[in-house]
A.B. asks: 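Here you go, one structure.
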Amino acid sequence: MSKVNGKVSGGEDEDAADLAQGRLRLDKWLWYARFLKSRSLAAKLCGSGAIRCGGATITKAHHTVRPGDVLTFPLGNHIRVIKVLALGTRRGPAPEAQALYEDLSPPTPESRLPRAP
């Protein structure tokens with residue numbers, strides 16, 4: 001981040017602009033929706049190439065998501081398929097986080113990933 005004309009650039013101003021345009025960074029959205037405990041863990045997952053958005057592999061945490069996007073990613077022993085319903089503006093309580101998405105494939109015992117030998 002740097003200061004330009006007394007304002008901080010590269011931070012909250014860009015986030016507000018993205019929200020105004022109906023999009024949010026993927027790592028922030030995953031953290032807001034409480035899929036991961038920290039934003040740095042969300043950024044690592046995004047950078048690993050394990051997340052797909054609409055079928056396209058995502059390799060950057062700054063990839064933006066919009067309402068209607070479908071995300072597919074491994075979480076624990078399950079593959080999660082999530083439809084983004086809203087963006088959110090903070091990491092709130094669990095009921096608020098659950099309103100941000102629709103779980104298209106809820107985890108079941110049958111959907112567990114096989115353990116490594």
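By convention here, the first residue in the shown sequence is residue 1.
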A.B. asks: Quick one: which residue pairs count as a ring-ring contact (aromatic ring centres under 6.0 Å, His included) with a foot in residues 42-71, not counting sequence neighbours?
C.D. replies: none
A.B. asks: Checking A50 now: which residues fulfil side chain to side chain contact (heavy atoms under 4.5 Å, CB included) with it, not counting sequence neighbours?
C.D. replies: L45, S48, P74
A.B. asks: Could you give the distance from SG (C53) to CG (L26), rounded to the nearest 0.5 Å?
C.D. replies: 7.0 Å
A.B. asks: Which pairs, with at least one residue in residues 31-45 and sequence neighbours excluded, count as a salt bridge (charged side-chain N to carboxylate O under 4.0 Å, His left out)?
C.D. replies: D27-R39
A.B. asks: Looking only at heavy atoms, what is the nearest atom pair of A86 and P67, with distance?
C.D. replies: CA-CG, 4.5 Å
A.B. asks: Could you pull out all residues at least two apart from E102 that satisfy salt bridge (charged side-chain N to carboxylate O under 4.0 Å, His left out)?
C.D. replies: none
A.B. asks: Would you mind listing the cluster partners of V81? Hydrophobic ones only (ILVMFWY), side-chain contacts under 4.5 Å, chaining allowed.
C.D. replies: V70, L104
A.B. asks: Using the ring of each side chain (for Trp, its six-membered ring), is F35 parallel, tilted or perpendicular to F73, with breaks at 30° and 60°?
C.D. replies: perpendicular
A.B. asks: Which residues pass the side chain to side chain donor-acceptor pair (under 3.5 Å) test with S40, not counting sequence neighbours?
C.D. replies: S38
A.B. asks: Does L36 belong to the same Ile/Leu/Val/Met/Phe/Trp/Tyr cluster as V84, with side-chain heavy atoms less than 4.5 Å apart forming each link?
C.D. replies: yes
A.B. asks: Does one hydrophobic cluster hold both L75 and V65, with members joined at side-chain heavy-atom distances below 4.5 Å?
C.D. replies: yes
A.B. asks: Tell me every residue that passes side chain to side chain contact (heavy atoms under 4.5 Å, CB included) with T59, counting only those two or more places apart in sequence or in another chain.
C.D. replies: T57
A.B. asks: Partners of Y32 by ring-ring contact (aromatic ring centres under 6.0 Å, His included), sequence neighbours excluded?
C.D. replies: none
A.B. asks: Mark yes or no for whether W29, through its side chain, and T64, through its backbone, hold a donor-acceptor pair below 3.5 Å.
C.D. replies: no
A.B. asks: Could you tell me whether the side chain of C46 reaches within less than 4.5 Å of the side chain of L30, counting heavy atoms only?
C.D. replies: yes
A.B. asks: Is the closest side-chain heavy-atom distance between S105 and I79 below 4.5 Å?
C.D. replies: no
A.B. asks: Would you mind listing every salt bridge (charged side-chain N to carboxylate O under 4.0 Å, His left out) that reaches into residues 80-99, with sequence neighbours excluded?
C.D. replies: R80-D103, R90-E96
